[in-house]
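Notes follow once the structure below has been shown.
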Amino acid sequence: MEKKESLDSSLKEIVSVCKRRGFVYPGSEIYGGLSNTFDYGPYGVELLQNLKQLWWKYFVHLREDVVGLDSSILLNPKVWEASGHVSNFNDPLIDCKNCKTRIRADKFLEDQKGEGFANGLTLEKMNLVIKENNFACPSCGQRGTFTEARDFNLMFKTSHGASAEDALDIYLRPETAQGIFLNFKNVVSTTRRKIPFGIAQIGKSFRNEIMARQFVFRTREFEQMEMEFFCEPGTQKEWFKHWVDYCMNWLTTQVGIKKENLRVREHEKEELSFYSEGTSDIEFKYNFGWGELWGIASRTDYDLNQHQKFSGEDLKYQDQVNNKKYVPFVVEPALGVNRLFLAVVADAYEEEKLPDGETRTVLRFSPKIAPVKAAVFPLMKKDGLPEKSREIFADLAKLGNIEYDDGGAIGKRYRRQDEIGTPYCITVDYDTLKDNTVTVRERDSMSQERIPVSGLRTWLFERL
Ligand code: GAP
């Protein structure tokens, strides 16, 4: 029987609106679920797509110095030896001998002793602190029941090949980055890219996380949007600053996240990943507190050097202009799509008290990322109003995801659209049949204006 991982209670409202309104469902629900797996429903998938498209636009299409890639999830297992993931990609694990709960020791110690306490602590030191303090298990409350902390490798193992004898033990990739390093030489030789330039990729990654109970914040299957920016050694500091500013600017001006919910935090030396000489996280103020949204790391020439060593291939870059040959340095902005999803829902979520005493739940998404751009309502289901509404729907659908809704009172239809974050609702009434105008209601202010049908598509286009 699978042990259930209960969700963080601070996320209750977010989880509830996501389920109620078709954004996120628990995975394998009709079979009792599979903990920490989630399926994205009709509105969730639209929101994910919009975030990915907006990232691709700003990190690939609008940049003359970045190209895209889609590499395999399954890679030769030597890749992970070379990258250091086989020996270093671990989290410290303790078990409660009484109730069998598995706990990430560093996070547990930070819950007990304060943020940052576990930075740089060795396993031995963690064991000492746990013993000295005789902490109680957060699950069963018993004291003195923890096992010694040990390294737990986060990579998922699987088997590649049909027959047992020939099958190769491989891993599901824990980051998309390595597929980019493996193709560095291919991209240089087939696209004649000159350094500095970046390779961007969106794809699934897998980590067998020890503690995964913050909804889609930390899951075992997730999607990443990563970019490896290759530059000349010595220029990485400038590029690092450029990308931190570029990412922050994208979050506030394009995705529309409020500035006060974002901050940049530089990693302490002891916290740095094994491949990084410097990392800054863009953090978001989640319901449970500040947490990592986007990691920007200065990966030096570590990965390309390692792959040269393990594969025997020359991965140096020939700089024709300056007549130099070198292994490029890398700056990497790495963002989780699902974590961004959680941040935008939390940022947009509001329970608003209305003058009539009622409360409405509204998701104030920027129109650029809203899952539904506009909803079209016939006032009544008769007298030609549905036909006229469908005509308008078909015309506006050329712009993006539009919804047609003729069910229930207009007030109820507005509330439904508020909860999924639709910025505009368009009502077709009896006046429409006379003067060819419609009422457009704006989600945030709830103000209404009359707009000619002939200009509606342009009006909406300008606001998206
Ligand atoms: N290639 C570098 C790398 O993967 P990371 O900081 O481990 O760096 C990058 O991951 C981003 O991926 C994080 O900032 C976060 O947004 C997302 N991420 C990492 N682990 C995750 C998980 N278990 N669930 C959801 N998102 C995750």
Side-chain angles (χ1 to χ4, degrees), residues 5 7-8 11 24 27 35-38 40 48 51-52 55 59 69 71 73 75 79-80 83-85 88-91 104 107 152-156 171-182 198-229 243-244 247-248 250-251 255 257 262-267 271-284 286 290-300 302-304 306 330-344 346:
E5 288 165 317
L7 280 171
D8 188 311
L11 290 164
V24 182
S35 70
N36 189 247
T37 61
F38 299 97
Y40 290 79
L48 286 178
L51 293 171
K52 288 190 274 186
W55 185 85
F59 284 78
L69 180 80
S71 71
I73 289 176
L75 304 177
V79 171
W80 305 111
S83 69
H85 284 80
N88 296 317
F89 198 53
N90 303 314
D91 275 342
R104 210 176 122 173
K107 295 283 169 217
F152 175 78
N153 193 282
L154 298 183
M155 284 196 293
F156 274 101
Y171 302 99
L172 301 184
R173 69 178 174 200
E175 60 170 13
T176 61
Q178 295 306 322
I180 297 179
F181 295 125
L182 301 190
I199 305 179
Q201 141 154 271
I202 300 179
K204 289 248 170 150
S205 293
F206 303 83
R207 298 182 188 177
N208 202 1
E209 299 281 0
I210 298 170
M211 289 219 284
R213 58 181 62 143
Q214 289 156 318
F215 193 35
V216 296
F217 177 80
R218 193 186 305 285
T219 46
R220 297 191 175 102
E221 170 184 346
F222 57 99
E223 213 168 1
Q224 290 185 305
M225 306 195 275
E226 297 200 285
M227 202 263 294
E228 308 303 316
F229 194 78
W243 285 112
V244 172
C247 295
M248 195 62 154
W250 181 76
L251 286 172
V255 183
I257 297 182
L262 294 167
R263 70 178 187 192
V264 178
R265 187 182 70 81
E266 214 178 298
H267 279 211
E271 284 181 82
L272 292 175
S273 305
F274 56 92
Y275 50 72
S276 171
E277 68 167 5
T279 297
S280 285
D281 285 344
I282 296 181
E283 296 190 327
F284 178 77
Y286 298 97
W290 288 99
E292 177 183 346
L293 170 63
W294 203 331
I296 298 126
S298 187
R299 282 184 93 125
T300 67
Y302 172 84
D303 299 272
L304 288 178
Q306 287 293 101
V330 170
V331 175
E332 172 201 68
L335 172 63
V337 183
N338 318 80
R339 227 175 248 196
L340 179 61
F341 177 99
L342 178 60
V344 296

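Ligands are counted one by one from 1 in listed order, and the atoms in each one are counted from 1 as well.
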Completion exercise
Less than 4.0 Å from some atom of ligand 1, heavy atoms are found in residues Glu175, Ala177, Arg207, Glu209, Phe217, Arg218, Thr219, Phe222, Gln224, Glu226, Tyr275, Glu292, Leu293, Trp294, Gly295, Arg299, Glu332, Ala334, Leu335, Gly336, Arg339
Problem - Minimal non-hydrogen separation, Trp294 against Cys247, with atom names - result: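 Trp294 and Cys247 have their closest heavy atoms at CZ2-SG, 3.3 Å.
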Problem - Face-on cation placement of Arg265 at Trp290 ring, 6.0 Å and 45° thresholds - result: no
Problem - Ring centroid separation Phe284 to Tyr286 under 6.0 Å - result: yes
Exercise for the section: Report the residues that fulfil side-chain hydrogen bond (donor to acceptor under 3.5 Å, both in side chains) with Ser71, sequence neighbours left out, ordered by chain and then residue number. Expected result: Gln201
Exercise for the section: Check side-chain hydrogen bond (donor to acceptor under 3.5 Å, both in side chains) between Gln178 and all other residues, then give those that pass, not counting sequence neighbours. Expected result: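 In terms of side-chain hydrogen bond (donor to acceptor under 3.5 Å, both in side chains), with neighbours along the sequence ignored, Gln178 is linked to Glu175, Asp303, His307.
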Practice task
Could you pull out all residues at least two apart from Glu277 that satisfy salt bridge (Lys or Arg N to Asp or Glu O under 4.0 Å)?
Solution key: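 None.
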